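Residue indices begin at 1 and follow the sequence shown. If you're wondering where the values come from, they're calculated on a predicted model, not measured in any experiment.
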Amino acid sequence: MINLTDSAISALKAAISSTAQPASGLRIMIEGGGCQGFTYKMDLAHEPSSAETVFEQGGIKVYVDNASLAHLNGTTIDFVVSLEGSGFRFDNPNAKSSCSCGKSFS
């Protein structure tokens with residue numbers, strides 16, 4: 001399961017409501033790459049594919065690629081506003097290490 005903080009839910013609702021393309025939720029997956037081996041990928045999506053598991057939290061549907069599910073299970077996604085910039089932050093209990101920018105992990 002993926003957990004969204006209240007801040008992430010608010011940011012996602014704002015993004016979904018302001019997009020020109022219809023979107024009903026958030027697609028999350030991991031791909032090989034980045035400085036640590038895996039990188040997080042997120043995108044707004046209209047509907048899940050047959051290869052995705054769907055969670056819902058706070059009115060946001062989250063579509064997780066089944067191949068990525070084991071790597072993301074238990075992850076908390078937050079939206080953080082700081083002096084360095086705003087963005088989504090992943091707290092992934094499955095990551096053994098992550099890069100300083102938080103965009104890749106192993």
Are [X] and [Y] side-chain neighbours, meaning at least one heavy-atom pair lies under 4.5 Å?
X	Y	value
N3	T75	no
Y40	S68	no
I16	L44	yes
I28	I77	yes
L26	M42	yes
L72	N94	no

Is the ring pair F79/F88 parallel, tilted or perpendicular, if the boundaries are 30 and 60 degrees? perpendicular
Sequence neighbours excluded, which residues qualify as side chain to side chain contact (heavy atoms under 4.5 Å, CB included) partners of [X]?
X	answer
S49	A51, E52
E47	none
N66	T53

Inter-residue atom distance M1.CE - L69.CG, 0.5 Å rounding: 11.0 Å
Between CG on residue D43 and CE on residue M29, distance to nearest 0.5 Å: 8.0 Å
I2 reachable from I30 in the ILVMFWY side-chain graph, under 4.5 Å edges: yes
Cluster overlap L12 with V64, hydrophobic side-chain contacts below 4.5 Å: yes
So, does S10 use its side chain to make a donor-acceptor pair with the main chain of S7 at under 3.5 Å? no
Main-chain N/O of G59 paired to K13 side chain as donor or acceptor, under 3.5 Å: no
Give a yes or no on this: more than 12 heavy atoms of other residues, nucleotides or ligands lie within 6.0 Å of atom CD of Q21. no
Is there a side chain to side chain contact (heavy atoms under 4.5 Å, CB included) between Q57 and V62 once you walk through the steps? CA-CA 8 Å; Q57 185 179 353; V62 181; 5.7 Å; no
Whether the T5 and D78 side chains hold a donor-acceptor pair (N or O, under 3.5 Å, no angle test) is what I'd like checked. yes
Contact summary for D91 and P93, nearest pair of heavy atoms: O-CD, 3.5 Å
